[in-house]
Amino acid sequence: TMHAPRSHERVLVDIPIVITTVLDSLEGTIVDLSEGGAQVVGCSLPARAQCQVDLDGHIVFGTVRWSEIDR
């Protein structure tokens with residue numbers, strides 16, 4: 001199948017983070033990062049879930065766009 005070109009370049013990384021929702025706090029790892037988002041492995045949240053991502057006290061807020069088991 002043809003894939004549409006991505007609008008942002010992805011960079012492979014290995015960044016441990018903590019993701020917090022209203023109900024839970026999960027540990028995960030960002031494995032690829034772009035201006036438009038990040039792929040996290042090691043935990044999973046449902047699509048459209050609101051969350052905050054904490055990296056050493058630096059916090060950003062986000063929305064889950066898609067989800068699979070363990071990522």
Side-chain angles (χ1 to χ4, degrees):
T1 61
M2 284 292 285
H3 291 286
R6 296 198 178 272
S7 55
H8 301 290
E9 181 181 347
R10 292 173 164 226
V11 178
L12 296 179
V13 295
D14 182 12
I15 303 171
I17 55 165
V18 175
I19 296 178
T20 305
T21 67
V22 180
L23 302 173
D24 217 348
S25 185
L26 307 166
E27 292 186 4
T29 303
I30 298 174
V31 294
D32 88 38
L33 199 53
S34 74
E35 188 178 328
Q39 180 178 179
V40 176
V41 299
C43 62
S44 185
L45 291 171
R48 295 180 298 284
Q50 302 287 314
C51 61
Q52 81 178 33
V53 177
D54 185 339
L55 170 61
D56 297 331
H58 299 281
I59 294 174
V60 295
F61 295 91
T63 302
V64 177
R65 292 292 172 212
W66 59 267
S67 179
E68 293 179 357
I69 294 172
D70 201 42
R71 67 179 184 152

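From a predicted model like this one, the values you see are computed outputs, not experimental measurements. Positions are given from 1, in the same order as the sequence printed here.
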Do V11 and I30 share a hydrophobic cluster (ILVMFWY, side-chain heavy atoms under 4.5 Å, transitive)?
yes

Enter the distance from I17:CD1 to D54:CG here, rounded to the nearest 0.5 Å.
9.0 Å

Other residues, nucleotides and ligands only: do more than 12 of their heavy atoms fall within 6.0 Å of CD on Q52?
yes

Is it possible for you to say whether I59 and L26 belong to one hydrophobic cluster, with membership spreading through side-chain heavy-atom contacts below 4.5 Å?
no

Hydrophobic clusters here meaning ILVMFWY residues chained together by side-chain heavy-atom distances under 4.5 Å, can you tell me if L55 and L33 are in one?
yes

Residues which pass side chain to side chain donor-acceptor pair (under 3.5 Å) with E68, listed by chain and number, not counting sequence neighbours
R71

Pairwise distance CD1(I19) to OG1(T29) - rounded to 0.5 angstrom
9.5 Å

What distance do Q50 atom CD and L45 atom CG have between them, rounded to the nearest 0.5 Å?
11.0 Å

Within the 4.5 Å heavy-atom criterion, are V31 and V13 side-chain neighbours or not?
no

Is there a path of hydrophobic side-chain contacts, each under 4.5 Å between heavy atoms of I, L, V, M, F, W or Y residues, that connects V18 with V41?
no

CD of E9 to CD of E35: how many Å apart, nearest 0.5 Å?
11.0 Å

Between G28 and C43, what is the shortest heavy-atom contact and its length?
CA-SG, 4.2 Å

Can you measure from CD (Q39) to CH2 (W66) and round to the nearest 0.5 angstrom?
4.5 Å

Side chain to side chain donor-acceptor pair (under 3.5 Å) partners for S44, two or more places apart
S67

Using only atom types and a distance under 3.5 Å, with no angle test, would you say the side chain of T21 pairs donor to acceptor with the backbone of L23?
yes

Would a hydrophobic clustering, with Ile, Leu, Val, Met, Phe, Trp and Tyr connected at side-chain separations under 4.5 Å, put V64 with V60?
yes

